[in-house]
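Per chain, numbering begins at 1; letters A, B, ... match sequence-line order.
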Protein chains: 2
Amino acid sequence: MVTSSGLTGRIAVDAMGGDLGPPEVVAAVALALSEFPELNPITLVGDEAVLKPLLAQHGLDGHSSLRLFHASEVITMEDKPLPSLKRKKDASMFRAIELVKSGEASAVVSCGNTGALMAGGTIKLRTLAGIDRPALAAIIPRENGHFILIDAGANPEAEAEHLAHNALLGSHYARVVLGIANPRVGLLTIGTEEGKGNALISATNVHLKSLGDLINYVGPTEGFQVFTDHCDVAVCDGFVGNLLLKSWESLAHFFSATLKSELKANPLRMGGAILSQGAFKALKKRMNPEVYGGAPLLGLRGNVLKAHGSSSRHAIKNAIRAANKIIKADMLHLIEADAAVANTIIRPQQIATTPPLESPAT
Amino acid sequence: MVTSSGLTGRIAVDAMGGDLGPPEVVAAVALALSEFPELNPITLVGDEAVLKPLLAQHGLDGHSSLRLFHASEVITMEDKPLPSLKRKKDASMFRAIELVKSGEASAVVSCGNTGALMAGGTIKLRTLAGIDRPALAAIIPRENGHFILIDAGANPEAEAEHLAHNALLGSHYARVVLGIANPRVGLLTIGTEEGKGNALISATNVHLKSLGDLINYVGPTEGFQVFTDHCDVAVCDGFVGNLLLKSWESLAHFFSATLKSELKANPLRMGGAILSQGAFKALKKRMNPEVYGGAPLLGLRGNVLKAHGSSSRHAIKNAIRAANKIIKADMLHLIEADAAVANTIIRPQQIATTPPLESPAT
């Protein structure tokens, strides 16, 4: 099916990754096919012998919008990314990425090994014209909504230009998945009064201020502002972003576990907890990152979405939905256009070497 | 009073800083004097006209263990650190630091402007022999106890040697205030499989592995391990550490506010919350950073402790107690001795230029 923008929601799903394995991925695909009929086709990539019985269970045998693509190998969480690219050429994750490269799919969704997905995506798809490095974008709940943390771990040795590109990438993603027309961009930094942050931050701050209407830059964002309604896109390098993201998950888990153990400490508290259990459920739902399901690896010549390893079928389905939104918005072309303008400002001397994407298929 | 180790608990307290102002600081000093009689003297530094009535209120007039040191100026939260060093020479914070420099006090405690305290401490006291940069150490609650985050914001452009020194500084502080004989040191990094982290982390990892028995190095610590019982000293640079610390405070606040609003959403939940209020109080207490009160700026030729701007009298009192423990443990000399050994390993070519501290006063 061709959508109004001329872009079809053709998504390749790596069926073999994730802590819950193929049964959960197939269940997610079944949900996606029933909720989003415009997805056509979803290509499920993985071991036929494993997947065929699961498809039968869900009544998906011969479904007109579903295609099965056999891949004999599986990337495990223990596989090292670069060696696995050479040693497991027929891995479902890499075959799914190749479907995007060949144009047979417009996006790949995987809840497998993050490092392998980043390496495979980057090496097989390459970056968009004008973008040097990909960045991982995570959606985080905060006061009055959500914000996008970019880069959540793809590029731990970022330069100022990369962070400026992250601001563009994050802004486009915020428009598509958060529906914010003019997302506020903040630069994560620290609160020392004399020359905030470090040399990387100072240089990035200059770039971001120079970008004019390309982004809605609200300036430096300090740690204490992160979970307030201060910015919609929080820009940082992949080292800082990954430590922040993972430590937040660790803190949320510690907080919940401590609360739970205190509530179980005596019968009175337990009784109270039962009465107010709706509040705890609502809190859990509010803090749940599964609403948006996937973290895209942005800046590549193709759409790559990473769902959390522990994703439920609902989280994977939501990642498929996010992939579909990105495709329909033609986000890659919009990013490339903005990057071309941005680069004339932040690096006027440099001549682009990567060819731009072709026009969208019609 | 001279303690068993020959070191006296002489502490200078900046009376004018903190969100709650001099009344809270004087109340803290009153608590400290009654709970820790070995403190002698505490020197309260600030505006006599403000402080004398407060001392009278607390019955501290002419207290034999209390000294008043007049300083006519106050560093505000808006003051810029370096300019204020020149423009406000008679500021209570700077006079208190000078008492440490002159040997009249062994430690300074302030809940004023962090940047000014770091700049004043660093410029007036200088670093210990063998240590190039100071580091701020924060004590954070986690599963089964607490850990020390170092550097929480003093040195945002750290090199690998600085991070190796942070491991020594944090280990000594963990021994003194957490009472852990052989604290586990982790290096904060990210979980990409190919060459974890970035160039700074790789170089630091080599240094930390080379330090042998000087530290108990448990290797890289990823974000998801931070609030688990994985390490007692988490080493990072001041940019990363400050962003982490402040973002954790922001997340904890968001989490609490969301829980509170959900519990107030209907009468049933509210009733339950009243029954289980003991659990919420216990959670709040567990997450409360005031137990340890102060974050020391380690690596200087004198003890400087920063209490949180919003510190209550109990938090300030606890910071005074921590300062006293550091003094009694003779931590500065222990750090200098370890740094001398460490530097023969991590930079054998370099000759020390800073003279060592004199022997402890007896």
Applying ring pair (Phe, Tyr, Trp, His ring centres under 6.0 Å), name anything that partners B/F255, two or more places apart in sequence or on another chain. A/F255
Decide side chain to side chain contact (heavy atoms under 4.5 Å, CB included) for B/F254 and A/T228; before the verdict, give the C-alpha distance in whole Å, the side-chain angles of both, and the deciding distance to 0.1 Å. CA-CA 8 Å; B/F254 169 52; A/T228 66; over 6 Å; no
Which bit of [X] comes within less than 4.5 Å of chain B, counting heavy atoms only: side chain, backbone, both or neither?
X	answer
A/A199	both
A/Q277	neither
A/I201	side chain

Pair A/L259, B/L259 - check side chain to side chain contact (heavy atoms under 4.5 Å, CB included), show working. CA-CA 11 Å; A/L259 178 58; B/L259 178 58; 3.7 Å; yes
Looking at B/I190, B/T189, B/T221, B/L243, which hits side-chain contact (heavy atoms from CB on, under 4.5 Å) with A/L243?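 Testing each of B/I190, B/T189, B/T221, B/L243 against A/L243, the sole residue satisfying side-chain contact (heavy atoms from CB on, under 4.5 Å) is B/I190.
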For A/D151, what residues pass the side-chain hydrogen bond (donor to acceptor under 3.5 Å, both in side chains) criterion, not counting sequence neighbours?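 For A/D151, no residue satisfies side-chain hydrogen bond (donor to acceptor under 3.5 Å, both in side chains) once neighbours in sequence are set aside.
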Select, from B/A252, B/S261, B/A279, the one with the greatest count of heavy-atom pairs under 4.5 Å involving chain A. B/A279
I need the residue from B/L251, B/D237, B/L268, B/V226 with the largest number of non-hydrogen atom pairs under 4.5 Å to chain A.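 Result: the option with the highest number of such pairs is B/L251.
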Donor-acceptor under 3.5 Å (A/S250 side chain, B/F224 main chain):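 A pair under 3.5 Å: yes.
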Taking atom CE of B/M270 and atom OG of A/S276, what is their separation to the nearest 0.5 Å?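 The OG atom of A/S276 is 11.5 Å from CE of B/M270, to the nearest 0.5 Å.
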